[in-house]
Amino acid sequence: MKLIRTTSYEELSQQAAAEIISRIQSNHRLNLGLATGSTPTGVYKQLIEDHKKNKTSYKEINTFNLDEYIGIAKKDPHSYHYFMCENLFHHIDIPLDQTHIPDGTAKDLKEECLRYEQFIQEHGGIDLQILGIGQNGHIGFNEPGTPFDSRTHIIMLAESTRKANSRFFDSLEEVPKQAITMGIASIMASMEIFLLVSGTSKAEALARLMNGAVSEQFPASVLKKHPNVTIFADNEAAALL
Ligand code: GLP
């Protein structure tokens, strides 16, 4: 794993965005894996700014999001569909039918997991996957204990994750209890991975990732086994290294 330390969240966002843009420039048909949460929003802002200024085009790009809540309609402002449209898709020239997110309202959710996994593979797999990290080490919504060989699946959210994400909802009760997430093996199949880590609240998780053992109890630790991972961390997140 290569670690890039930056002095601020803004610099983290700029540096990661610059690398993403260079991957898009060298492959107009890049399959780009995307994440939600607060951390990647700065990168998305940079991508939008660059698209407006420099006309970087996403017309042939396909995107694949990591996860989606179960039981939340796409049009609901709490859905990750909505989040991605607001924070990225509506501001660049990507055709919406080339943006892919698991459907958390599918009638048959198990079937939806299989479909999504196969769909990614049929598209040739993910070239570059953007990841954030949960305080408990989750990647996507793969909570501690998720097997490393897991593919896209249904997961029960940890209480700590529901609490952390309750800031986006009116109350904790409204936070869904389940989600569909790409599995650990699905994420590891990506050719390249960028992990974005920002803020004091992630310092312990980053220290555990860098210094701790590879264990299913700390899902992000699996990234040590991937040949092409770059971690972008700001000073606050890197404070315990
Ligand atoms: C969410 C998402 C993850 C994200 C994580 C951290 O639960 N499912 O993909 O990486 O939480 O989010 P944040 O960047 O807001 O700290």
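Remember, it's 1-based here, ligands and their atoms both numbered in the order they're listed.
Side-chain polar atoms of Glu122 and Gln118 form no donor-acceptor pair below 3.5 angstrom. Side chain to side chain, Ser198 and Asp234 meet the donor-acceptor criterion of an N or O pair below 3.5 Å. Between the side chains of His28 and Ser57, no donor N or O sits under 3.5 Å from an acceptor N or O.
Partner of Ser186 under the side-chain hydrogen bond (donor to acceptor under 3.5 Å, both in side chains) criterion, out of Gln129, Arg151, Glu117: Glu117 alone.
Within 6.0 Å of CE in Met1 there are more than 12 heavy atoms belonging to other residues, nucleotides or ligands.
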Please table the atom pairs, donor to acceptor, closer than 3.5 Å between any side-chain atom in residues 201-208 and protein atoms at least two apart or in another chain.
{"residue": "Lys202", "atom": "NZ", "partner": "Ile133", "partner atom": "O", "Å": "2.9"}

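Closer than 4.0 angstrom to ligand 1 by heavy atom are Thr36, Gly37, Ser38, Thr39, Asp67, Tyr80, Gly132, Ile133, His138, Gly140, Phe141, Asn165, Arg167, Lys202, sorted by chain and number.
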